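Note sheet for the following structure.
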Protein chains: 2
Amino acid sequence: MSIRTTATIQKIKPGVKIWLSLNKEGVFGHGKWQLLDAIHREGSLRAAADALGISYRKAWGDLRKAERILGVRFLERRRGGAAGGESSLTPEGKKWHKEYARFHTEVETEIARAFSRWQKRMKA
Amino acid sequence: MSIRTTATIQKIKPGVKIWLSLNKEGVFGHGKWQLLDAIHREGSLRAAADALGISYRKAWGDLRKAERILGVRFLERRRGGAAGGESSLTPEGKKWHKEYARFHTEVETEIARAFSRWQKRMKA
DNA sequence: ATACGATATGCACAATAATACCATTCGAGG
DNA sequence: CCTCGAATGGTATTATTGTGCATATCGTAT
């Protein structure tokens, strides 16, 4: 194994993409988590979409689809009013937000470990 | 938490996609692993591509790119001859093939564990 | 009553990204 | 010199994904 190769291996990083799916269809991943997170912070789907730099159309559609497929209500929506309306997370929405974050963190941690073992083996 | 929701959670499955990247660019993942695997079995890039149902152009391009970026020679190529030519894995190619498989398996195992913890929490 | 701003929703379209398809050259053994 | 895989460059095609636009609904503060 050349010096060159060993140096390259040091610079390699692991990439990961995880999600949850129902009937082969992805329904909850980092995107949805970010959306719930932003809504919780911002108070509305509109503001959340802006904060994430995505169109309202997409944010709304994504959430709608996930809710439909999972049969879960993530948001408490309120239309009208002085501010036009607002959205907040339902208890279930909060639960998904929290537990998914934990799942994600755990996976990331394990991947980092497995990766460092891989690196060690490759250098050997 | 409704009965309906609990039943849904049972049916959810985790999805994963992992890969290795250098300078933000993905260079080795399941696809490349499959390619090395098929070449090892089939004896040529041509046959490997056919076996995987992808175009020779793509198989060749993918490998070429990975080799270039990583500075690793995965294949021992031989052009010409009665059979037109053939390809086999170099020792390094074999090492990547083997160790990546192990890394991948380890990650899958851990994801399955983290996921089942997630399910347990969600049902609670 | 009216205005305002967010939710709700359909649909056509742009922007990529990914992959297939085609054409040509190289190379060595039969 | 014929064959068939390796080696490459172009270009066409497809798939995915998000955007933009138009339109309607809704409820409160003014």
Side-chain angles (χ1 to χ4, degrees), chain A residues 15 17 19 21 24-36 38-69 72-90 93, chain B residues 15 17 19 21 23-36 38-70 72-90 93:
Chain A
K17 202 164 155 36
W19 66 91
S21 59
K24 305 281 172 188
E25 177 143 40
V27 286
F28 201 99
H30 192 243
K32 244 69 93 195
W33 180 83
Q34 277 190 311
L35 213 42
L36 294 192
I39 290 166
H40 183 57
R41 276 186 285 108
E42 307 284 341
S44 81
L45 185 50
R46 163 94 269 149
D50 289 348
L52 297 177
I54 61 176
S55 66
Y56 172 82
R57 189 65 185 74
K58 172 172 167 54
W60 176 83
D62 285 357
L63 225 41
R64 170 95 203 299
K65 185 180 167 193
E67 288 189 328
R68 179 174 49 77
I69 296 178
V72 171
R73 205 75 190 159
F74 290 127
L75 304 187
E76 192 70 60
R77 286 112 155 153
R78 278 173 291 280
R79 289 200 291 192
E86 56 179 345
S87 287
S88 57
L89 302 190
T90 59
Chain B
K17 202 164 156 32
W19 65 90
S21 60
N23 307 321
K24 306 281 173 187
E25 178 142 40
V27 286
F28 202 99
H30 192 242
K32 243 70 93 196
W33 181 83
Q34 277 190 310
L35 213 42
L36 293 191
I39 290 166
H40 183 57
R41 275 187 285 109
E42 308 284 341
S44 80
L45 185 49
R46 164 94 269 148
D50 289 348
L52 297 177
I54 60 176
S55 67
Y56 172 82
R57 187 64 183 75
K58 172 171 167 56
W60 175 82
D62 285 356
L63 266 179
R64 169 88 205 298
K65 185 180 167 193
E67 289 189 327
R68 180 174 48 76
I69 296 179
L70 293 172
V72 171
R73 206 73 190 159
F74 290 128
L75 304 186
E76 192 70 60
R77 286 113 153 153
R78 278 171 292 280
R79 289 200 290 191
E86 55 178 347
S87 288
S88 56
L89 302 190
T90 60

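Every value quoted in this text rests on a predicted model; they were computed, and no experiment measured them. Residue numbers begin at 1 in each chain, while the letters A, B, ... track the order of the sequences.
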Margin query: If you define the side chain from C-beta out and look only at heavy atoms, does anything of A:Trp19 sit under 4.5 Å from A:His30?
Written below: no
Check: What is the distance, rounded to the nearest whole Å, between atom CD of A:Glu42 and atom P of C:dG5?
Finding: 17 Å
Check: What is the distance from CZ of B:Arg73 to P of D:dA6, rounded to the nearest Å?
Finding: 13 Å
Next item on the list: Take atom CG of A:Leu45 and atom C1' of D:dT25, then tell me their distance rounded to the nearest Å.
Entry: 16 Å
Notebook entry, point to check: Would you say A:Leu63 and A:Leu36 make side-chain contact, with heavy atoms under 4.5 Å?
Noted result: yes
Next item on the list: Kindly indicate whether the side chain of A:Leu89, heavy atoms from C-beta on, has any atom under 4.5 Å from the side chain of A:Glu76.
Entry: no
Check: Does the side chain of A:Glu67 come within less than 4.5 Å of A:Val72's, by heavy atoms?
Finding: no
Notebook entry, point to check: Think A:Arg77 has a side-chain N or O under 4.0 angstrom from the OP1 or OP2 of C:dA8?
Noted result: yes
Item checked: Selection: residues 51-64 of chain B, any non-hydrogen atom under 4.0 Å of DNA chain D -> B:Tyr56, B:Arg57, B:Trp60, B:Arg64
Item checked: Between C:dT19 (P) and B:Lys65 (NZ): distance, integer Å -> 10 Å
Margin query: Without decimals, in angstroms, what is the distance between B:Trp19 CH2 and C:dA18 P?
Written below: 11 Å
Check: Over how many whole Å does the gap from A:His30 atom NE2 to D:dT17 atom C1' extend?
Finding: 18 Å
Item checked: Length of the line joining B:Arg79:CZ and C:dA28:P, which is rounded to integer Å -> 8 Å
Notebook entry, point to check: salt bridge (charged side-chain N to carboxylate O under 4.0 Å, His left out) between A:Lys65 and A:Glu25: does it pass, once the steps are laid out?
Noted result: CA-CA 11 Å; A:Lys65 185 180 167 193; A:Glu25 177 143 40; 3.2 Å; yes
Check: How would you list all residue pairs meeting salt bridge (Lys or Arg N to Asp or Glu O under 4.0 Å) that involve residues 43-56 of chain B, not counting sequence neighbours?
Finding: B:Arg46-B:Asp50
Checklist line | Near-strand residues of residues 83-90 of chain A, defined as heavy-atom separation under 4.0 angstrom from DNA chain C | finding: A:Ala83, A:Gly84, A:Gly85, A:Ser87
Note to self: I need the A:Leu75 CG to A:Thr90 OG1 distance, nearest 0.5 Å.
What the structure shows: 7.0 Å
Item checked: Residue whose closest nucleotide on DNA chain C lies nearer the 5' end, A:Gly81 versus A:Ser44 -> A:Gly81
Item checked: Distance-only side-chain donor-acceptor flag, B:Ser88 / B:Arg77, under 3.5 Å -> no
Item checked: Atom pair distance, as rounded to whole Å: CD in A:Glu25 and C1' in D:dT16 -> 13 Å
Margin query: Could you report the tightest heavy-atom contact between B:Ser87 and B:Ile39, atom names first, then the distance?
Written below: O-CG2, 3.8 Å
